[in-house]
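First comes the structure, then the notes that go with it.
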Amino acid sequence: MDKVYDIIIIGAGLGGLTAGAFLSKAGKKVLVVEKNNIIGGRCSSRTWDGFRFDVGADYFAKSMLKTFARLNKDVALRPLGFSVKSFNKGKVMTIPPGLHLIKELSEFGMSKKEIAGFGLRMMKEIVFKSYSKRYKTNDRVIDEVTDNDILRNILNIGAFFSGSLPHKMPSYWFNLLFGRTYGYDFPFYPLDGAQRIPDLLSEVIKENGGEVRTNISVERIHIEKNKAVGVKTTGEEIEADIVISNSGIQDTIFNLMKGKGLSAEFKNRVKKYKPGLLMNSIFTAFKTNAGIISGVHLYCYFPPDIREMFARLHNGKIPEEPMFTVSVPDAVTGATTEHCYTGTIKFITPRGEKRKDIILKEAERVIDMVDRVIPDFTKSLIYKKVVTSEDYEDEIGFESCIAPVAESIEYKKTGHTMPLKGLYCVGATVLPNGGCTASSVESGKRCAEEILIKTQ
């Protein structure tokens, strides 16, 4: 093998691309290889029949803007703020909170005194992070801040984005979603769509002499004398001083390395990690006369008891009433295609559900329910493409799980530094906590910083 690169990065997800952007900017010779023909992983877009859709992340945290500023790409990102509407038992709550929250919570049956108390308790948990000392699980924090059933349901939205049971989600999730850990209290969406985020990171790599190659699969990571020294792809052997994997820690260790050079204790720890429930997407286009609210990008529908719904899903059953989200980025960007909005409906099915006919039947049920959050949606619908959890790998290029590691009180993720010289992992399967786009970007940044400290 001839050494041409300082660093090889496996996978062009946000973690790998962020690491590559910072490392190449610092003068390292970087190569990123991606098995799919589109970069970005769970933050990318696809076009079907002339309509463009996001196939993973729906929205992004403001902390990412600081990262892009360091790369001189924050202006090019063109971030737009938006609102989220959450529907439960005929009531609506708007996020981010504002004066409108007083009226909305009063419609939940809460008095002014109860609303004020809720606000103070939320502030205490978010600002002082008292939950981290007092509670182990996210749902216990929620029970502490309110005893209103509707509000409890809505605040348990984190389970939808992690794929874990509410009573097994660690308490730090409360601050991830409602606090300032990454800035999801004031989310943004790029004017040019989700694909703009990985494209800008790739742009930084190329501007600094690095390479990003697609349609290249890595078969194994080469290990010599307990050090990563390169990779074997489907077409060649490539040597490098450092290998960074954005392929997921379990895939990296058990498939790409076959566990070589790692202790049984470390491998057993990683084996405990469990993926989240399965996500299914319905990509739709509908006429602009549907009841879309300008500036509202995400509509969330909650069943009467979200904890019971997740219990059924984790027991392998379709819920009696599903939770679903509808993302409509056009309502934020102002873009339309042939006088239509595009929107993505997402719903969850149990891990292990293999019968596609059952999932398709559930998809039709969810479509019929969208009118509850967007008036006249079904009447305005002109296009739909259902991609079930069974189709995701072939259609889009990655498994449909909500989170590749569903964070749980039962285990703690490992950091990006592997117990083997020259090998690192980045992305949502390693620390920092969160399992989201913001945590993936942060993992890539931290990994790059550590490598630069060690090599300069």
Side-chain angles (χ1 to χ4, degrees), residues 11-15 34-48 51-59 157-165 194-195 198 217 246-251 255 273-284 298 300-301 309-310 312-319 322-327 342-367 384-408 427-429 434-437 439-440:
L14 292 190
E34 167 58 46
K35 67 178 181 178
N36 295 310
N37 64 343
I38 296 174
I39 64 171
R42 288 180 169 81
C43 176
S44 57
S45 304
R46 303 290 187 277
T47 299
W48 291 292
F51 298 106
R52 188 183 71 172
F53 303 96
D54 299 334
V55 296
D58 293 316
Y59 61 95
I157 191 173
F160 187 86
F161 295 113
S162 72
S164 183
L165 282 162
Q195 188 67 49
S217 294
N246 192 192
S247 184
I249 190 169
Q250 289 178 323
D251 182 60
N255 295 328
Y273 298 163
K274 296 178 183 178
L277 292 163
L278 297 178
M279 185 71 80
N280 306 266
S281 294
I282 310 167
F283 302 102
T284 68
L298 195 65
C300 304
Y301 179 83
M309 183 201 77
F310 274 99
R312 285 184 62 88
L313 286 166
H314 279 269
N315 286 326
K317 300 176 182 177
I318 298 293
M323 177 181 177
F324 62 86
T325 64
V326 188
S327 59
T342 56
T344 303
I345 307 166
K346 294 181 180 178
F347 65 97
I348 304 171
T349 49
R351 181 162 288 277
E353 178 54 75
K354 299 294 185 182
R355 289 185 55 187
K356 188 173 175 179
D357 59 320
I358 291 177
I359 301 174
L360 290 173
K361 184 178 179 181
E362 181 72 350
E364 291 302 319
R365 180 167 73 132
V366 170
I367 290 173
K384 68 177 180 181
K385 178 181 176 65
V386 180
V387 179
T388 71
S389 55
E390 291 296 290
D391 303 323
Y392 249 73
E393 194 80 44
D394 293 333
E395 288 263 10
I396 297 174
F398 54 82
E399 189 188 18
S400 74
C401 62
I402 301 170
V405 171
E407 295 178 20
S408 171
T429 63
C436 55
T437 52
S439 68
S440 294

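Just so you know, these numbers use all the heavy atoms, side chains as well, and skip hydrogens, waters and symmetry mates.
Rounding to the nearest 0.5 Å places CZ of R52 at 7.0 Å from OG1 of T47. The CG atom of L278 sits 9.5 Å away from the OG1 atom of T388 when rounded to the nearest 0.5 Å. From F160, atom CZ reaches atom OG1 of T325 across 4.0 Å, with rounding to the nearest 0.5 Å. With rounding to the nearest 0.5 Å, the separation of CZ in F310 from CG in N315 is 13.0 Å. Distance check: K35 NZ to S247 OG gives 6.5 Å after rounding to the nearest 0.5 Å. In this structure, I282 CD1 and L360 CG are separated by 9.5 Å, a value rounded to the nearest 0.5 Å.
Of the possible donor and acceptor atoms, none in the side chain of E390 sits under 3.5 Å from a partner among the backbone N and O of K356. In this structure a side-chain-to-backbone donor-acceptor pair under 3.5 Å is present from N280 to S389. Formation of a donor-acceptor pair under 3.5 Å by the E34 side chain with backbone atoms of I39 is not found in this model. Side-chain N or O atoms of Q250 include one that pairs as donor or acceptor with a backbone N or O of Y273 at under 3.5 Å. With hydrogens and angles disregarded, a donor-acceptor distance shorter than 3.5 Å links the side chain of T284 to the backbone of G343. A donor-acceptor pair under 3.5 Å links the side-chain atoms of R312 to the main chain of I318, judged by distance alone.
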I'd like to know whether F398 forms a side chain to side chain contact (heavy atoms under 4.5 Å, CB included) with R42, so could you lay out the CA-CA distance, the side-chain angles of the two residues, the decisive distance to 0.1 Å, and finally the verdict. CA-CA 8 Å; F398 54 82; R42 288 180 169 81; 3.6 Å; yes

For F283 and T342, run side chain to side chain contact (heavy atoms under 4.5 Å, CB included): C-alpha distance rounded to whole Å, both residues' side-chain angles, the deciding distance at 0.1 Å, then the answer. CA-CA 8 Å; F283 302 102; T342 56; over 6 Å; no

CA sep, side-chain torsions, deciding dist, call: E364, I367, side chain to side chain contact (heavy atoms under 4.5 Å, CB included): CA-CA 5 Å; E364 291 302 319; I367 290 173; 4.1 Å; yes

Evaluate the criterion side chain to side chain contact (heavy atoms under 4.5 Å, CB included) for residue pair L277 and T349; output intermediate values, then yes/no. CA-CA 7 Å; L277 292 163; T349 49; over 6 Å; no

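Residues A57 and T437 approach most closely at CB-CG2, 3.4 Å, considering heavy atoms. In terms of heavy atoms, G427 sits closest to N246 at CA-ND2, 3.7 Å. Between I157 and C300 the shortest heavy-atom distance is CD1-SG, 3.7 Å. Shortest non-hydrogen contact noted between S162 and A403 is O-CB, 3.5 Å. In terms of heavy-atom proximity, S440 sits nearest to A428 at OG-N, 3.3 Å.
Checked against salt bridge (Lys or Arg N to Asp or Glu O under 4.0 Å), R351 has the following partners two or more places apart in sequence or in another chain: E399. Applying the side-chain hydrogen bond (donor to acceptor under 3.5 Å, both in side chains) test to Y392 and every residue at least two apart in sequence or in another chain returns S281.
Of the charged side-chain nitrogens involved, none lies within less than 4.0 Å of a carboxylate oxygen, so that E395 and R46 do not count as a salt-bridged pair. Here R365 pairs with E362 in a salt bridge; the nearest charged N to carboxylate O distance falls below 4.0 Å. Ion pairing between a basic and an acidic side chain is recognised when a charged N comes within 4.0 Å of a carboxylate O; K274 and E407 show no such pairing.
Under the 4.5 Å side-chain criterion, counting only non-hydrogen atoms from C-beta, I396 is in contact with V387. Using a 4.5 Å heavy-atom cutoff, the side chains of P319 and L313 are in contact.
Between D54 and the options S327, S44, S45, a side-chain hydrogen bond (donor to acceptor under 3.5 Å, both in side chains) holds for only S45. When each of P198, S439, C436 is paired with L14, the side chain to side chain contact (heavy atoms under 4.5 Å, CB included) condition holds for P198 and for no other.
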